[in-house]
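As structure tokens, the structure follows; a few thoughts come after it.
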Amino acid sequence: MREYAFIETKVEDYIGIIELNRPKQLNALNRQMIKEIVQVMESYDQDDTVRVILLKGKGRAFSAGADIDEMSNDDPIRLELLNQFQDWDRLSLIKKPIIGAVQGFVLGGGFELALSCDVLIAAEGAEFSFPEVNLGVMPGAGGTQRLTKLVGRTLALEWIWSAKRIQVEEAQSHGFVNRIVSGELLEEEALKFAKMIAEKPPLAIRLIKDSVNKAIDYSLYEGMQYERKNFYLLFSSEDQKEGMNAFVEKRKPKFQGK
Ligand code: CO8
């Protein structure tokens, strides 16, 4: 596995792990770090030994947001030419499930990164916030869009205007944290969840993600047509035969991802 400057990676038991590795800066996301995350996610997406991606952060915070030192002297033309958000757009194209394990501060771009995950397991005490307004700016990597779709317009406005720190219990009650666990158990619980998904048929898992994501953009009718095609498609997989034969033969299925 290649060495990266700002992340650590490893693959074990079909789980491709990415760990943000700038703990002294509370995993503040510089541009190189985002490039590394996206590059590894894309390589995991093509890697047969990876079925689930697990994203976590080293140290006391998942991420305190974009690297303020790096962007403090930016100007619009430089931002346009850098086109850094292209990397964020590529994150939305990852087909395999992404499990986020978060603790401590989950702020700004770090919150946006967490919202790009499919499932979030959070440690007790985790805090979520968009503090950009206090820097004279606003979320730029999907925060206003993703949060609004999750919690509705009025709460999103209140939270983003005020930079309110949302405690993990409130985050769970609004549906963007799946599970709260103690800090010591965060990694273990996230891995347990990832392994449970990794044992399921990978093609079905992939097309479920694809279909559920369409529910956000499509009308109900269009979404149901889309779902149907994916449902039909799975009947051409070996795993569909294996899953149904195993049921009939009263044994545990062994899924191959084909
Ligand atoms: N950028 C750069 N450095 C940071 C950041 C950051 N976002 N957050 C923390 N650090 C650094 C601190 O400067 C400090 O470094 P040093 O030890 O060299 O002084 C170190 O991390 C530890 O931080 P603190 O000493 O401040 O720790 P505290 O526990 O006292 O405070 C806080 C923790 C509350 C998280 C505080 O550090 C803080 O307020 N950080 C800034 C949070 C913030 O405003 N984030 C939003 C950034 S803007 C953004 O995310 C825009 C996203 C849109 C584009 C996405 C592109 C990636």
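One is the number of the first residue; the rest follow in order along the sequence. Below, all heavy atoms of this structure are taken into account, side chains as well, without hydrogens, waters or symmetry copies. Counting starts at 1 for both ligands and their atoms, in listed order.
Side chain to side chain, Glu127 and Gln167 meet the donor-acceptor criterion of an N or O pair below 3.5 Å.
A salt bridge does not link Arg78 with Asp75: none of the charged nitrogens is closer than 4.0 Å to a carboxylate oxygen. Asp210 has no carboxylate O lying under 4.0 Å from a charged side-chain N of Arg206, or vice versa, which leaves the two without a salt bridge. Salt bridge annotation for Arg251-Glu242: present, with a cationic side-chain nitrogen under 4.0 angstrom from a carboxylate oxygen.
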Show the numbers, then the answer: is there a side-chain hydrogen bond (donor to acceptor under 3.5 Å, both in side chains) between Glu170 and Ser173?
-> CA-CA 5 Å; Glu170 196 174 357; Ser173 73; 6.0 Å; no

Taking it one step at a time, do Phe128 and Phe176 satisfy ring-ring contact (aromatic ring centres under 6.0 Å, His included)?
-> CA-CA 10 Å; Phe128 301 77; Phe176 58 89; 5.6 Å; yes

Ligand 1: protein N/O within less than 3.5 Å of ligand N/O:
unit_1   : atom_1 : unit_2 : atom_2 : d
ligand 1 : 1 (N)  : Ala66  : O      : 3.4
ligand 1 : 1 (N)  : Ile68  : N      : 2.9
ligand 1 : 7 (N)  : Ala64  : O      : 3.2
ligand 1 : 7 (N)  : Ala66  : O      : 2.9
ligand 1 : 21 (O) : Lys24  : O      : 3.4
ligand 1 : 27 (O) : Arg60  : NH2    : 3.1
ligand 1 : 29 (O) : Arg60  : NH1    : 2.9
ligand 1 : 29 (O) : Arg60  : NH2    : 3.2
ligand 1 : 45 (N) : Ala64  : O      : 2.8
ligand 1 : 50 (O) : Ala66  : N      : 2.8
ligand 1 : 50 (O) : Gly109 : N      : 2.8

